[in-house]
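Here is the structure we will look at, set down as C-alpha cells.
Computed from a prediction, not measured in an experiment: that's the story for all the values here. Numbering of ligands and ligand atoms starts at 1, following listing order.
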Amino acid sequence: MATEQYHEPAEQLSQTTRTFARMITGLIEEAEAIGWYEQRLSLEKDAAARAIMEDAQKEEFKHFSMDLEFLLRRKKDWRKVLRGIVMVPGDIVKNAEKAEAAAD
Ligand SMILES: [Fe+2]
C-alpha cells in the first residue's frame with residue numbers, strides 16, 4: 001500500500017530524495033511506535049505483558065536510531081546541529097541556540 005510520504009510529485013524526485021523521504025517516513029513511524037508503547041506501558045498492569053512491551057519499545061529505539069543515523073550521514077548540517085544538542089548536558093534550548101549558530 002502506498003503512503004503519503006512525498007510532498008512533491010514523486011516522478012520529479014531523484015532516487016536519492018525518494019530514499020531520503022522513505023527514511024524520514026520510517027523515522028516518524030518508529031517515533032510513533034515508541035510513543036504508542038509508552039502509552040500502553042502507562043496503563044498495562046500485567047507484568048508479563050509489560051515486559052514484552054518494554055522489549056518491543058527497545059526495538060523501536062533501535063529502529064529509530066538506525067533511521068536517524070542513515071539520515072544524518074546524508075545531511076551533514078543536520079549532524080552538526082544534532083551534535084550540539086543530543087547527549088549534551090545543560091539547558092536544551094541554550095544548547096540548541098549555540099548549535100544553530102555554530103552550524104551557520
Ligand atoms: Fe520499528
N, O or S atom of Glu59 closer to the Fe ion (ligand 1) than 2.8 Å: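 False for Glu59.
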Is the Fe ion (ligand 1) under 2.8 Å from any N, O or S atom of Glu29?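 No, Glu29 does not qualify, because none of its backbone or side-chain N, O or S atoms lies under 2.8 Å.
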Residues Lys62, Glu59: salt bridge by 4.0 Å N-O rule: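 Yes, this pair counts.
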Of all N/O/S atoms in [X], which lies nearest to the Fe ion (ligand 1)?
X     : answer
Glu30 : OE1
Glu60 : OE1
His63 : ND1

Are there more than 12 heavy atoms of other residues, nucleotides or ligands under 6.0 Å from atom CD1 of Ile24?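 Atom CD1 in Ile24 is packed in, count exceeds 12.
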Return yes when atom CZ of Arg18 has more than 12 non-hydrogen atoms of other residues, nucleotides or ligands closer than 6.0 Å, and no otherwise.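 Buried by this count: over 12 neighbours within 6.0 Å.
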Does Arg74 qualify as a cation-pi partner of Phe70, given the criterion of NZ or CZ under 6.0 Å from the six-membered ring centre and within 45 degrees of its axis?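 Geometry flag: set, cation within 6.0 Å and 45°.
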Donor + acceptor pair across side chains of Thr16, Thr19 (<3.5 Å):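 No, because no side-chain N or O of Thr16 sits under 3.5 Å from a partner of the opposite role on Thr19.
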